[in-house]
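One structure is given here, and the rest of the page talks about it.
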Amino acid sequence: MRSRQVDTASDGAVIEARDLHVGFGATTRSGQPPIRAVDGVELAIGRGEIVALAGESGCGKTTLARALLGLERPWRGQVLQHGQPLRYGTRALRGYRRQVQLVLQDPSGALNPRRTVYEAVAEGLRIHRLPGDERDQVARALSLAGLRPAERFFSRYPHELSGGQRQRVVIAGALVLDPAVIVADEPVSALDASVRGEILALLLSLREQLGLSVLVVTHDLGLAWNIADRLAVMYLGRIIESGPTEQVLGAPRHPYTGALLSVLPESTHRAPVVLRGEAPDPSRVPSGCRFHPRCPALGDGSAGRAGIADRCRSEPLRMLPAAAGHTAACLLARSSEPDGSVDPADAGPAADRAVPA
Ligand SMILES: Nc1ncnc2c1ncn2[C@@H]1O[C@H](COP(=O)(O)OP(=O)(O)OP(=O)(O)O)[C@@H](O)[C@H]1O
Ligand code: SF4
Ligand SMILES: [Mg+2]
């Protein structure tokens, strides 16, 4: 379980996205509007902090993760490391990528079937030409990843390992470079339920042992609950709610988070909220609150909700400041209840704190 809260404002973020915009298709002549996959994201990850990034398929999680890794260049905004803007020259990027390592969903795809565990883990050391005894470094990384005694795994091939062991080899390949941050994109979704918990426990123990910062990209709010200090919920290219995990999941302030929670199998106290309308299209971002076409808090738009719906459709907004770092981009956030029901009378003061997009 989570064991700490990191105040990124006072401790300083290890990596940070500031007003980050990343898209595709801006330069094509196809006549298609560009895809605004990441559309003004603010996200900071502190030292030793585990942050989960959740949201439905296509909301921009992987694109944001890739931008934080320096693999996608932003259209606008910045990625910062310890407050310094990321530079995109080849040398600067190589140094950065050593410190910010990626762990992908599918360990089988990440490992070359013809290379031994030793070669797979040593590869990063060779690419980055790191000094030191290679054998010792590989052994240490495998041990840290829970493959012990490490030497027993040196000559094994991926097909001789279980799925969980393969994912540990991938993690060892990241650890061998002594990174400050691991970005894990759906790190357990390809694994059996029985080994998921082991890999999550490993990430938690690495944070404790090494002070690693971790960004975990996931569809799974249950996973976020088990591992993350902080949870950021993304919708259509933007973080729409973020805060300490137990606060976001225990008392969501954005109707989208409430809807995601309501359909979890573990959810016993909420009626499932079915989101209306089509899945959102990042090349056609709605005006005003980008969630308004599907927002369950607006009901059918009749009676008392009509005035608010007008504002939702037209008022651009970003995160509303809130106590204890729990923020939400919703005009009604202040009075949102966990099931997404709202008191329209409270809309005014909360709306006054909205920051224009
Ligand atoms: N290289 C690309 N070229 C064009 N469009 C892209 C590219 N990569 C992503 N997209 C689009 O950007 C949007 C966000 O995609 P992204 O992969 O970041 O979503 P995601 O939240 O990671 O989804 P999932 O949960 O399914 O992995 C999608 O509409 C996707 O089709
Ligand atoms: S601002 Fe309006 S449309 Fe957007 S989430 Fe809040 S209530 Fe729903
Ligand atoms: Mg993805």
Side-chain angles (χ1 to χ4, degrees), residues 20-28 30 32-39 41 53-69 71-73 102 104-106 183-187 189-190 215-220 232-241 252-260 273 275-277 279-299 301 304-320 328-337 340-344 346-347 350-351 353-354 357:
L20 200 69
H21 295 251
V22 186
F24 304 98
T27 55
T28 63
S30 62
Q32 297 294 318
I35 294 164
R36 292 156 58 182
V38 172
D39 196 32
V41 162
L53 177 66
E56 66 193 332
S57 187
C59 70
K61 303 181 295 296
T62 295
T63 307
L64 172 57
R66 287 176 56 79
L68 288 170
L69 286 153
L71 297 170
E72 298 287 350
R73 207 153 169 171
L102 174 65
L104 281 169
Q105 171 178 7
D106 178 8
V183 175
D185 195 348
E186 305 276 5
S189 59
L215 177 69
V216 188
V217 174
T218 181
H219 283 94
D220 181 356
V233 181
M234 195 165 181
Y235 182 81
L236 199 48
R238 195 168 281 181
I239 308 292
I240 51 86
E241 179 158 12
R253 301 175 71 233
H254 196 288
Y256 177 62
T257 313
L260 290 182
V273 177
L275 295 177
R276 59 190 173 179
D281 176 352
S283 65
R284 292 181 176 78
V285 175
S287 62
C289 168
R290 57 191 57 208
F291 186 54
H292 84 255
R294 301 170 81 199
C295 181
L298 298 182
R305 298 280 159 86
I308 291 180
D310 285 346
R311 295 180 63 190
C312 294
R313 276 194 288 270
S314 60
E315 277 189 31
L317 78 161
R318 286 197 175 180
M319 286 296 197
L320 310 179
C330 171
L331 290 170
L332 305 175
R334 206 176 64 145
S335 55
S336 289
E337 295 300 328
S341 66
V342 294
D343 176 5
D346 263 354
R353 299 199 302 274

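Counting starts at 1 for both ligands and their atoms, in listed order.
Residue contacts with ligand 2, taken as heavy atom pairs separated by less than 4.0 Å, involve His254 solely via side-chain atoms from C-beta onward. Contacts between Pro255 and ligand 2 below 4.0 angstrom, taking non-hydrogen atoms only, involve the side chain exclusively.
In terms of modelled atom types and a separation under 3.5 Å, the side chain of Lys61 and the main chain of Gly55 share a donor-acceptor contact. Panel note: side chain His219, backbone Glu186; no donor-acceptor pair is recorded below 3.5 Å. For the pair Arg238 (side chain) and Asp39 (backbone), a donor-acceptor distance under 3.5 Å is present.
Between Phe291 and His254, the gap from one ring centroid to the other is short of 6.0 Å.
In terms of heavy atoms, Pro293 sits closest to Arg290 at CD-O, 3.7 Å.
Taking every heavy atom of Leu331 and a limit of under 4.0 angstrom, the matching atoms of ligand 2 come to 1 (S), 6 (Fe). Numbered from 1 in the order shown, with element, the atoms of ligand 2 that lie under 4.0 Å from a heavy atom of Cys312 read 1 (S), 2 (Fe), 3 (S), 7 (S). If you number the atoms of ligand 2 from 1 as listed, the ones under 4.0 Å from a heavy atom of Leu332 come out as 7 (S). Listed by number with element, the atoms of ligand 2 under 4.0 angstrom from any heavy atom of Cys289 are 1 (S), 3 (S), 4 (Fe), 5 (S). Proximity to Phe291 (heavy-atom distance under 4.0 Å) selects the following atoms of ligand 2: 5 (S).
The shortest side-chain heavy-atom distance between Ile308 and Leu298 falls under the 4.5 Å cut-off. Residues Ser283 and Gln32 fail the side-chain proximity criterion, which asks for heavy atoms closer than 4.5 Å.
Atom 4 (Fe) of ligand 2 lies at 2.8 Å or more from every N, O or S atom belonging to His292. Among the backbone and side-chain atoms of Cys295, an N/O/S atom is found under 2.8 Å from atom 8 (Fe) of ligand 2.
The salt bridge (charged side-chain N to carboxylate O under 4.0 Å, His left out) search around Glu72 returns Arg66, not counting sequence neighbours. Partners of Asp220 by salt bridge (charged side-chain N to carboxylate O under 4.0 Å, His left out), not counting sequence neighbours: none found. A search for salt bridge (charged side-chain N to carboxylate O under 4.0 Å, His left out) contacts involving Arg73 returns nothing, not counting sequence neighbours.
For ligand 1, the 4.0 Å heavy-atom shell takes in Phe24, Ile35, Ala37, Glu56, Ser57, Gly58, Cys59, Gly60, Lys61, Thr62, Thr63, His219, Pro282, ordered by chain and residue number.
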